[in-house]
**Q** 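Below are the structure tokens for one structure; questions will follow.
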Amino acid sequence: MTILVTGGAGFIGSNFVLDWLAASDEAVLNVDKLTYAGNLHNLAALSGDPRHIFVRGDIGDAQLMGALLAQHQPRAVLNFAAESHVDRSILGPAEFIQTNIWGTFQLLEQVRAYWAALDASAKATFRLLHVSTDEVYGSLAASEPAFTETNRYEPNSPYSASKAASDHLVRAYHHTYGVPVLTTNCSNNYGPLHFPEKLIPLMIVNAQAGKPLPVYGDGMQIRDWLYVKDHCSAIRSVLAGGRVGETYNIGGWNEKPNLDIVHTVCDLLDELKPRADQQSYRTQITYVTDRPGHDRRYAINARKIERELGWKPAETFETGIRKTVQWYLDNPQWVAQVQSGAYREWVATQYAQA
Ligand code: NAD
Ligand code: TYD
């Protein structure tokens, strides 16, 4: 048996593939375009492992995806592939429309055709799991309850709007064509292999480099934070037992203002790798212009997945953030590679014929 993972060289996808193959011998066909956010070094531990088949490709490439489905006959497709950074979506939304909407549509078309041709028993067990975000629900006021699966979609950024569109398409392919889909909407992830353009890894990396720690606006925007390995275990639970056509919210019950997050990172670095001058890393915090249209608060009610599938996060924020800071301290070469662009040059050469 095989599963097809898209975007499996990115932050969450690579954690998912590593965790999957640590616990199972079921092969993973990993299709990733290797944008700036995709990094094959994330999967170095699987080098030479026949259970991991990597193909550089675009989910929007109908011919390629159709051929891969026909050749490998996966029993499930898990769609992690996306453009994922809100700030990039504000500067240049086109890629987000291309991959998150058009790419998902093309993938759905190929999966629909593949699924329709399966025999009855394979058809009954096949699943398409679409990985999405809590940002589709928009922004909460301080007094509002956390997002449930029935909250209205109110996306506010080009990123969240493109993810919302992809969620709607996935839903429609179930409702109209019967494709057996599952959708997960998760809160902000953090952990190993996180590209240092997102809040937590950026702060860890900048702090050590003696650079400013840029806090947008007043720093009191709230996010719910989930350790990436917990997101991966939730996805495994939904794949195994989720009800077809349903959506599941995934969260860590860790609502925190950004400034608290930055303070925690600084305090851990003060403990684990103090500055030479004995000053706190907190002195590097700088307040910068706010993100346009910045959502004030996200919060996830994850009771449905807990009630139906018995899933709960294993890490608290305190345990997860300590592991995360330690991982970045232990892996400076990974940071150097993703920052230098040397990795991308290597890929261009390596895959010149692809
Ligand atoms: P990421 O940006 O780190 O990784 C995305 C991966 O997708 C990269 O490896 C990239 O090369 C690949 N990719 C991009 N366009 C592609 C295309 N057209 N075809 C094939 N591959 C392509 O993102 P992430 O943080 O790992 O997020 C993974 C998924 O989880 C996304 O769908 C995102 O919306 C969702 N999500 C992320 C978070 C979070 O906090 N990071 C939270 C909830 C949901
Ligand atoms: P981010 O990691 O980009 O995730 P998202 O926007 O998807 O929630 O940002 C998390 C929060 O941190 C968000 O409120 C924006 C804020 N932020 C900063 O204050 N400074 C930064 O340099 C970055 C990257 C984010």
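All heavy atoms count here, side chains included; hydrogens, waters and symmetry mates do not. Note that ligands are numbered from 1 as they come in the structure, with each ligand's atoms numbered from 1 the same way.
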**Q** Between Asn258 and ligand 2, which residue portion shows a heavy-atom distance shorter than 4.0 Å: side chain, backbone, both, or neither?
**A** side chain
**Q** Just going by heavy-atom distances, which of Cys186, Ser132, Gly103, Ser14 is nearest to atom 44 (C) of ligand 1?
**A** Ser132
**Q** Can you check which of Phe16, Phe11, Tyr159, Phe80 brings a heavy atom nearest to atom 33 (C) of ligand 1?
**A** Tyr159
**Q** Can you tell which of Phe147, Tyr137, Trp225 makes a side chain to side chain contact (heavy atoms under 4.5 Å, CB included) with Tyr298?
**A** Phe147
**Q** If hydrogens are left out, which of Leu259, Asn188, Asn206, Leu202 has an atom nearest to atom 4 (O) of ligand 2, that is, the closest non-hydrogen atom?
**A** Asn188
**Q** Taking the six-membered ring for Trp, are Tyr36 and Phe195 parallel (under 30°), tilted (30 to 60°) or perpendicular (over 60°)?
**A** perpendicular
**Q** Is the backbone N or O of Tyr173 less than 3.5 Å from a side-chain atom of Thr176, with the two atoms forming a donor-acceptor pair by type?
**A** no
**Q** So, is Arg291 polar-close to ligand 2, with some N/O to N/O distance under 3.5 Å?
**A** yes
**Q** State whether the side chain of Asp224 and the backbone N or O of Ile300 hold a donor-acceptor pair below 3.5 Å, judged by distance alone.
**A** no
**Q** Give me the nearest non-hydrogen protein atom to atom 19 (N) of ligand 1 as residue plus atom name, then the distance to 0.1 Å.
**A** Ile59 N, 3.0 Å
**Q** Considering distance alone, does some N or O of Leu199 sit under 3.5 Å from an N or O of ligand 2?
**A** yes
**Q** Calculate, to the nearest 0.5 Å, the distance between atoms OG and NZ belonging to Ser84 and Lys163 respectively.
**A** 8.5 Å
**Q** Please say whether Thr35 places an N or O atom under 3.5 Å from an N or O atom belonging to ligand 1.
**A** yes
**Q** In the protein, which heavy atom is nearest to atom 35 (C) of ligand 1, and how far is it?
**A** Val131 CG1, 4.0 Å
**Q** Is the shortest N/O to N/O distance between Asn189 and ligand 1 below 3.5 Å?
**A** yes
**Q** Is it the side chain (CB and beyond), the backbone, both or neither of Leu34 that lies under 4.0 Å from ligand 1, heavy atoms counted?
**A** backbone
**Q** Does the N or O separation between Val31 and ligand 1 drop below 3.5 Å for any pair?
**A** no
**Q** State the atoms of ligand 1, each with its element, that fall below the 4.0 Å cut-off from a heavy-atom position in Asn188.
**A** 40 (O)
**Q** So is there a nitrogen or oxygen of Ser84 less than 3.5 Å from a nitrogen or oxygen in ligand 1?
**A** yes
**Q** Considering only NZ, NE, NH1 and NH2 on the basic side and carboxylate oxygens on the acidic side, decide whether Glu26 and Arg75 come within less than 4.0 Å.
**A** yes
**Q** Under 3.5 Å, is there a donor-acceptor pair between the side chain of Asp260 and the main chain of Lys256?
**A** no
**Q** Can you confirm, on distance only, whether ligand 1 has an N/O atom lying under 3.5 Å from any N/O atom belonging to Asp58?
**A** yes
**Q** Considering Tyr216, Phe195, Tyr298, which one's heavy-atom position lies nearest to atom 23 (C) of ligand 2?
**A** Tyr216
**Q** Below 3.5 Å, N or O to N or O, backbone or side chain included: is there any such pair between Lys33 and ligand 1?
**A** yes
**Q** Quick check against the 3.5 Å criterion: does Ser47 have a side-chain atom that pairs as donor or acceptor with the backbone of Leu43?
**A** no
**Q** Which of the listed options, Ser187, Ala37, Ala82, Gly191, holds the heavy atom that is closest to atom 14 (C) of ligand 1?
**A** Ala82
**Q** Taking distance alone, with no angle check, do Pro214 and ligand 2 share an N/O pair under 3.5 Å?
**A** yes
**Q** Kindly give the heavy-atom pair with the smallest separation between Asn249 and Glu149, and that separation in Å.
**A** N-OE2, 2.8 Å
**Q** If you measure from atom 11 (O) of ligand 1 to every heavy atom of Val136, Asp32, Asn15, which option wins on shortest distance?
**A** Asp32
**Q** Is a side-chain N or O of Gln73 found less than 3.5 angstrom from the main chain of Ala70, in a donor-acceptor match?
**A** yes
**Q** What are the two closest non-hydrogen atoms of Pro292 and Ile90, and how far apart are they?
**A** O-CD1, 3.8 Å
**Q** Taking non-hydrogen atoms only, is Asp295 closer than 4.0 angstrom to ligand 2 via side chain, backbone, both or neither?
**A** neither
**Q** Nearest protein heavy-atom contact for atom 41 (N) of ligand 1: which residue, which atom, what distance?
**A** Ile12 CD1, 3.7 Å
**Q** Mind checking whether Ala81 has an N or O less than 3.5 Å away from an N or O of ligand 1?
**A** no
**Q** Measuring from non-hydrogen atoms of Gly8 to any atom of ligand 1, is the shortest distance under 4.0 Å?
**A** no
**Q** Of all the non-hydrogen atoms in the protein, which one sits nearest to atom 32 (O) of ligand 1, and at what distance?
**A** Lys163 NZ, 2.6 Å
**Q** Out of Arg296, Glu135, Arg297, His85, who is nearest to atom 5 (P) of ligand 2 when you count heavy atoms only?
**A** Glu135
**Q** With a 4.0 Å cut-off on heavy atoms, is Ala9 in contact with ligand 1?
**A** yes
**Q** Quick test of your reading of the structure: of Glu197, His294, Gln221, whose heavy atom lies closest to atom 15 (C) of ligand 2?
**A** His294
**Q** Nearest protein heavy-atom contact for atom 4 (O) of ligand 1: which residue, which atom, what distance?
**A** Gly10 CA, 3.4 Å
**Q** Heavy-atom distances under 4.0 Å are what count here, so tell me which part of Val288 touches ligand 2: side chain, backbone, both or neither.
**A** neither
